[in-house]
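These notes concern the structure reproduced below.
Please read all numbers here as calculations on a predicted model, not as lab measurements. Residue numbering restarts at 1 for every chain, and letters A, B, ... go by the order of the sequence lines.
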Amino acid sequence: MVFKLPKKEGFAHAVYAKLLRVPKGKVTTYAALAHAVGTRAYRAIGQVMNKNPYAPDVPCHRVISSDGNLGGYAGGEKRKLAMLKAEGIVFKNGKVEEKYILREL
DNA sequence: CCGTTGACTCTTT
DNA sequence: AAAAGAGCCAACG
């Protein structure tokens with residue numbers, strides 16, 4: 001058992017669930033997550049991630065912007081970059097290669 | 001309930 | 001190519 005997600009958070013829960021579906025070594029975008037939960041609240045996704053009550057349990061560092069840019073990170077973008085590299089992600093000019101980005105979940 | 005904010009994205013200049 | 005504007009949705013005060 002890795003991590004049990006409380007099933008009452010609604011929107012947030014949906015986002016976290018999708019994010020947990022992202023395999024290691026890959027990343028996703030806020031847009032993909034939003035689309036996966038059936039909403040266009042790209043920004044709301046970011047807010048939930050920032051508040052992220054499930055901090056280390058939810059790999060929020062695997063979420064980047066649509067342009068392949070890191071986007072943001074509550075602990076610092078440098079930190080996020082390091083974690084992604086540790087996951088096996090290869091960066092090109094400070095951006096994630098398209099092949100690592102899951103545009104759809 | 002209304003207004004502001006935000007780890008976004010797309011379109012237009 | 002880079003910058004600015006508009007649009008979108010949920011959480012908070």
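- The separation between Gln47(A) atom CD and dT5(B) atom P is 12 Å, rounded to whole Å.
- Rounded to a whole Å, the OH atom of Tyr42(A) is 10 Å from the C1' atom of dC9(C).
- In this structure, Leu102(A) and Ala32(A) approach most closely via the heavy-atom pair O-CB, 3.6 Å.
- A straight line from CG of Leu33(A) to C1' of dA7(B) spans 12 Å, rounded to a whole angstrom.
- At dC9(C), one or more side-chain N or O atoms of Arg40(A) fall inside 4.0 Å of OP1 or OP2 (strictly under the cut-off).
- When the shell of 6.0 Å around CZ of Arg79(A) is examined, it contains 12 or fewer heavy atoms from other residues, nucleotides or ligands.
- At whole-Å resolution of the value, OH in Tyr30(A) and P in dG7(C) are 24 Å apart.
- Using a 4.0 Å cut-off between charged side-chain N and carboxylate O, Arg103(A) and Glu98(A) make a salt bridge.
- Taking atom CZ on Arg43(A) and atom P on dT4(B), their separation rounds to 14 Å, with Å as the unit.
- Place Ala31(A) and Ala44(A) on DNA chain B by their nearest nucleotides, and Ala44(A) ends up nearer the 5' end.
- Of the candidate nucleotides dA7(B), dA11(C), dC9(C), dC9(C) has the atom lying nearest to any side-chain atom of Thr39(A).
- Protein atom CG of Leu70(A) is 12 Å distant from nucleotide atom P of dC8(B), rounded to whole Å.
- Counting to the nearest Å, the C1' atom of dG6(B) and the OH atom of Tyr73(A) are 18 Å from each other.
- Distances shown here put every side-chain N or O of Ser66(A) at or beyond 4.0 Å from the OP1 or OP2 atom of dC8(B).
- Atom CD1 of Ile45(A) and atom C1' of dA7(B) are 11 Å apart (whole Å).
- Leu84(A) and Leu70(A) make their closest contact through CD1-CD2, 3.5 Å (heavy atoms, listed as atom of the first residue, atom of the second, distance).
- Counting non-hydrogen atoms under 4.0 angstrom, Lys51(A) reaches nothing in the nucleic acid.
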